[in-house]
Student: 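Before we start, here is the structure in question, set down as structure tokens.
Chain letters run A, B, ... following the sequence lines, proteins first, then strands; residues in each count from 1.
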Protein chains: 2
Amino acid sequence: MARTAGSHSDITGPRVRAAALRLFARHGFAAVSMRRIAGEVGVQAGALYNYTPDKQTLLFELMQTHMEDLLADFARLESGADALARLEAFTRFHIDFHSSRPDEVFIAYMELRNLTPENFAVIESLRGAYEDGVTAILRQGQAEGTFALPDARIATRAVIAMLNGVNTWFRAGGPLTLGQVGDIYWDMVRKAVSA
Amino acid sequence: MARTAGSHSDITGPRVRAAALRLFARHGFAAVSMRRIAGEVGVQAGALYNYTPDKQTLLFELMQTHMEDLLADFARLESGADALARLEAFTRFHIDFHSSRPDEVFIAYMELRNLTPENFAVIESLRGAYEDGVTAILRQGQAEGTFALPDARIATRAVIAMLNGVNTWFRAGGPLTLGQVGDIYWDMVRKAVSA
DNA sequence: CTTTCAACTGAACATCTGTTCAGTTAATGT
DNA sequence: ACATTAACTGAACAGATGTTCAGTTGAAAG
């Protein structure tokens, strides 16, 4: 095979995904053309089709990769501890992970409606798996008597929605460090679910 | 003036806005063409320009109207009571108002990036005014000693983000009434901010 | 040096985009 | 009955859209 080493595909592929990610997050999937992504990479639009079968798949794979990364990192959190410690670890993890990937997070929440029904179902099930993990922590706390919750499923969504809000205002280099933001939110999360 | 009474403009105008609202919420501003809006109304695309100078203004006015309605209704809430009662009233109001206007809410949060800078500034300042109202309640509670908050501004955003989450899952006719949802969220909000 | 072929170009495809506007229609006031 | 004119049509505008593909390029394998 000619051009195996020194091939550009190892470089261009990631650059295509990076450009698509950036542009989809800034302007929205529907507002970004394949030509614009190609321009960002420095190639013609046709060349993109060496790296994705179509625009829809490009979006879907960005979202799928993001959700799988999220689940993989979430699974690494300590599961032996008591519910309070686990919820604190989750709270800080969620804030850290999401604030380190603002573009991915934005797309994963905003572009769901631009997925085909099949692709949507895949992303939704990944999101459901993440929620399940949080709900499990809350139910453990209910069983231990540490948490008092009218509904663990709704509390899960409430906590995640609250933490997602961080990404709308937090900017690294601002007055607060991520650790301080974690402290503030953990204080509110802890109280919100406590007995 | 001919065709004053019996004119269609009193009917078509609202129908244009309603169709745009529905379609923007479902598919996104960039993905909806003027021809598609016109089709929904039963009119040719050119006729839309009797009701809006351009597509951008159509979006902007939907968002502006929504935010002004929100602020007007928010201003009607009792302001004489103690902070706890005011925060409860706000919590239930926010849930009620937002769940009664899912399309408006969705657009107001999702289509900010499709506004021109001037229009964006207007909507942002309306949103800021709403946040200010909530922050005032939280600061009153801090002064009264009822609430313990590391940061009233951040707590405002946390509470609003949490309550906004309701719209992603609540459907009228489901297992819970809006009143029950209000109870569940008020329980969490109250505990989250309490001393 | 020659062959190979992954990576890419550039043009073409049919279709859609927001917006404008001369012209048509029909309900209204006189 | 007639003139007025708000409301709307339908065609046109210049350009953008996702996607395909025959052909070019140039680095590496033999």
Side-chain angles (χ1 to χ4, degrees), chain A residues 1-24 26-63 107 111 113-116 118-119, chain B residues 1-24 26-63 107 111 113-116 118-119:
Chain A
M1 270 195 290
R3 266 189 107 162
T4 303
S7 160
H8 287 184
S9 83
D10 294 350
I11 298 163
T12 308
R15 290 192 62 208
V16 168
R17 286 186 286 277
L21 184 75
R22 233 183 61 87
L23 291 170
F24 289 166
R26 297 254 183 304
H27 309 287
F29 175 74
V32 174
S33 68
M34 294 300 267
R35 273 170 253 263
R36 195 157 165 197
I37 297 169
E40 193 99 335
V41 176
V43 296
Q44 293 298 312
L48 299 182
Y49 290 85
N50 289 318
Y51 305 99
T52 183
D54 48 43
K55 196 188 174 192
Q56 163 72 206
T57 305
L58 185 54
L59 172 65
F60 169 65
E61 286 177 352
L62 287 173
M63 293 172 74
I107 289 173
E111 303 297 351
R113 62 184 167 191
N114 285 309
L115 292 173
T116 61
E118 303 77 37
N119 289 343
Chain B
M1 272 193 291
R3 264 188 110 161
T4 302
S7 161
H8 286 184
S9 83
D10 295 350
I11 299 164
T12 308
R15 290 192 61 207
V16 168
R17 286 185 287 276
L21 184 74
R22 232 183 61 88
L23 292 170
F24 289 167
R26 297 254 184 302
H27 310 287
F29 175 74
V32 174
S33 68
M34 294 301 267
R35 272 169 254 262
R36 195 157 165 198
I37 297 168
E40 193 100 337
V41 176
V43 99
Q44 294 297 313
L48 299 182
Y49 290 85
N50 289 318
Y51 305 99
T52 183
D54 49 43
K55 196 189 176 193
Q56 163 72 205
T57 305
L58 185 54
L59 172 65
F60 170 66
E61 285 176 353
L62 287 173
M63 293 172 74
I107 289 173
E111 303 297 351
R113 62 184 168 190
N114 286 307
L115 292 173
T116 61
E118 303 78 36
N119 289 343

Student: By salt bridge (Lys or Arg N to Asp or Glu O under 4.0 Å), which residues pair with A:R26, not counting sequence neighbours?
Tutor: A:D103
Student: Estimate the overall bend of the helix from C:dC1-D:dG30 to C:dT30-D:dA1 from the end axes over five pairs each, rounded to 10 degrees.
Tutor: 10°
Student: OP1 or OP2 of D:dC8 sitting under 4.0 Å from any side-chain N/O of B:Y51?
Tutor: yes
Student: OP1 or OP2 of D:dA7 less than 4.0 angstrom from a side-chain nitrogen or oxygen of B:T12, does that happen here?
Tutor: no
Student: The criterion is salt bridge (Lys or Arg N to Asp or Glu O under 4.0 Å); which residues satisfy it with A:R22, sequence neighbours excluded?
Tutor: A:E40
Student: In this structure, how many angstroms lie between the P atom of C:dT17 and the CZ atom of B:F29, rounded?
Tutor: 13 Å
Student: D:dC8 P sits how many Å from B:M34 CE, rounded?
Tutor: 14 Å
Student: Roughly how many Å is it from CG in A:L58 to P in D:dT19, rounded to a whole number?
Tutor: 10 Å
Student: List the residues meeting salt bridge (Lys or Arg N to Asp or Glu O under 4.0 Å) with B:E61, not counting sequence neighbours, and say none if there are none.
Tutor: none
Student: What's A:V32 touching, base or sugar-phosphate or nothing? Going by heavy atoms closer than 4.0 Å.
Tutor: sugar-phosphate
Student: Could you write nucleotides 9-15 of chain C as a row of B, S and -, 5' to 3', where a protein heavy atom under 4.0 Å of any base atom gives B, of only sugar-phosphate atoms gives S, and otherwise -?
Tutor: BB-B---
Student: Does the side chain of B:L59 reach to within under 4.5 Å of the side chain of B:I107, using non-hydrogen atoms?
Tutor: yes
Student: Are the side chain of A:Q44 and the backbone of A:R35 linked by a donor-acceptor contact shorter than 3.5 Å?
Tutor: no
Student: Rounded to whole angstrom units, what separation is found between the NZ atom of A:K55 and the P atom of D:dT20?
Tutor: 15 Å
Student: Grab the CG-P distance between B:L59 and C:dG18 for me, whole Å please.
Tutor: 13 Å
Student: Which pairs, with at least one residue in residues 45-60 of chain A and sequence neighbours excluded, count as a salt bridge (Lys or Arg N to Asp or Glu O under 4.0 Å)?
Tutor: none
Student: For the atom pair CZ (B:R15) and OH (B:Y51), what is the distance rounded to the nearest 0.5 Å?
Tutor: 10.5 Å
Student: Taking only N and O in the side chain of B:S33, is any of them less than 4.0 Å away from OP1 or OP2 of C:dC16?
Tutor: no
Student: Separation of A:Y49 atom OH from D:dG18 atom P, in whole Å?
Tutor: 7 Å
Student: Measuring only between side-chain heavy atoms, which start at C-beta, is B:T57 closer than 4.5 Å to B:N119?
Tutor: no
Student: side-chain contact (heavy atoms from CB on, under 4.5 Å), that's the test. Do B:R36 and B:H27 meet it? Break it down for me.
Tutor: CA-CA 11 Å; B:R36 195 157 165 198; B:H27 310 287; 3.0 Å; yes
